[in-house]
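Notes follow once the structure below has been shown.
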Amino acid sequence: MHMRALGLIFGSLVISLTAVAQTAPAPKPAPAKAATAKAAFKPRDLTGTYHRESPFQTYSNVPGGANELQAFILGQAAAPRKLDVPTEEAPFTAAGQAAFDKNIPSYGRRITAPRIGNDPQGMCDPWGVPRMLNGQVAGPHSTLEILVTPGRTFMFSAWHHDYRVVYTDGRKLPNKDEIEPKWNGYSIGAWEGDTFVVKSIGFDERTWLDHNGYPHTEDMQLEERYRKVDADTLEMDETIIDPEYYSKPFKSDHKKWKLMKGAEKAWDEQIYCVPSEEFKFNNLIRDANVGKEKK
């Protein structure tokens, strides 16, 4: 009888503990760390595709320096709010002003029909650097893609389907007499804190700085300073040193791009400048409808 009583007591205890376990609330999982909920901001991670947000499609915010202002320049619309951005003229030397006057652009305040102008764009010549950074047209074409790899950073311009290479392997800029001038120049990059500094030389003087037709010599030096201010925003400033054409360092306006989400199909448009198509478009549309005619 004693053992039977102990068995009944033990059985009752097991049933009671089981019932408690089944009715007790399940323990709450530990809260996930903020780092797993939202990726940490990496100021040195430049890789991504960005859409231009700064108003001017030119090197600097000189008067009449963007396609957005085209209708105003031609007297076809009131000035947009973007015209409130402070503007200033380029610091030309006499030689720089003379070279600028010889350039007849197809955009901006001196817009001229391509058939009587000499904009390299009209012949589908490469834009070169820095125009590929500054002159990208509106809409889906105004993008800049950056790909960072060990030793090199690539910058892709959707317009013209062009790219440039920035060497980040610690090499120094060569002397100008050691390299041949190139459309996109010769560039090296290095980090100064959280600012990516790109220095370039060796530019082909046939390229322009932007749509306005600002010239440069083969001795031009260009510095770009890139900075991620948050996970989605890339900013950049440029400075040109070219004493023959500019009396002091010529600084750009402040550039800004926003990271594009889901831009994996950005290159599907096949945005090439095809001479046969460009000439036909100019002949049918632009030559007869834009700009000034020679008297």
Side-chain angles (χ1 to χ4, degrees), residues 42-52 54 57-60 125-136 141-210 216-229 231-242 249-260 263 266-267 271:
K42 299 178 181 179
R44 291 193 175 192
D45 183 10
L46 301 182
T47 293
T49 301
Y50 301 86
H51 184 272
R52 179 183 54 78
S54 44
Q57 297 176 27
T58 51
Y59 174 78
S60 188
D125 284 354
W127 274 0
V129 172
R131 188 173 179 177
M132 70 173 286
L133 301 171
N134 305 319
Q136 297 175 47
H141 305 164
S142 58
T143 60
L144 174 69
E145 183 172 359
I146 299 177
L147 175 63
V148 179
T149 67
R152 292 185 294 177
T153 293
F154 296 86
M155 297 186 180
F156 298 87
S157 170
W159 185 242
H160 279 218
H161 230 63
D162 196 7
Y163 75 96
R164 51 119 35 137
V165 179
V166 178
Y167 294 99
T168 57
D169 55 5
R171 69 182 68 187
K172 304 296 183 183
L173 280 175
N175 294 323
K176 64 179 183 180
D177 57 354
E178 296 176 336
I179 56 175
E180 292 291 330
K182 301 191 296 184
W183 298 110
N184 291 337
Y186 188 97
S187 303
I188 63 169
W191 286 95
E192 294 182 4
D194 287 336
T195 300
F196 185 54
V197 181
V198 179
K199 297 181 179 181
S200 307
I201 62 170
F203 296 100
D204 192 311
E205 63 184 359
R206 288 174 292 178
T207 64
W208 295 356
L209 302 186
D210 59 15
H216 66 84
T217 70
E218 290 185 354
D219 293 329
M220 176 182 73
Q221 302 172 48
L222 171 66
E223 180 179 280
E224 305 147 60
R225 302 182 70 86
Y226 296 85
R227 182 171 176 266
K228 288 284 288 288
V229 296
D232 298 328
T233 308
L234 175 66
E235 297 184 346
M236 186 265 278
D237 296 276
E238 300 167 283
T239 301
I240 281 173
I241 297 177
D242 195 356
F250 185 15
K251 296 185 178 182
S252 73
D253 60 304
H254 190 59
K255 311 292 184 182
K256 181 184 290 186
W257 291 271
K258 281 290 186 181
L259 187 67
M260 297 174 66
W267 286 86
I271 307 170

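In what follows, residues are counted from 1 in the order of the sequence shown.
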Sequence-distant partners of R44, salt bridge (Lys or Arg N to Asp or Glu O under 4.0 Å), two or more places apart: D194

M155 side chain reached by S157 side chain, heavy atoms, under 4.5 Å: no

Atom pair CD1/OG1 of I188 and T168 - distance to nearest 0.5 Å: 10.0 Å

L133 side chain near M236 side chain, heavy-atom distance below 4.5 Å: yes

Point-to-point distance, once rounded to the nearest 0.5 Å, from OH of Y59 to CG of D210: 9.5 Å

Note, V165 side chain near F154 side chain (heavy atom, < 4.5 Å): yes

OG1 on T207 to CE on M220, rounded to 0.5 Å: 6.0 Å

F203 ring center within less than 6.0 Å of Y186 ring center: no

T233 and K258 side chains, donor-acceptor separation under 3.5 Å: yes

With E235, the side-chain hydrogen bond (donor to acceptor under 3.5 Å, both in side chains) member among H254, K228, K255: H254

Salt-bridge criterion met for E180 and K182 (N-O under 4.0 Å): no

From CD1 (I146) to CG (L234), nearest 0.5 Å: 5.0 Å

Test salt bridge (Lys or Arg N to Asp or Glu O under 4.0 Å) applied to E205 - qualifying residues, sequence neighbours left out: none

Side-chain (D204) to main-chain (G185) donor-acceptor, under 3.5 angstrom: no

Salt-bridge criterion met for R131 and E238 (N-O under 4.0 Å): no

Non-hydrogen side-chain atoms of D237 and K251 separated by less than 4.5 Å: no

From L46 atom CG to Y226 atom OH, the distance as rounded to the nearest 0.5 Å: 9.0 Å

Reported CD1-to-CG distance for the pair I240 and D242, which is rounded to 0.5 angstrom: 7.5 Å

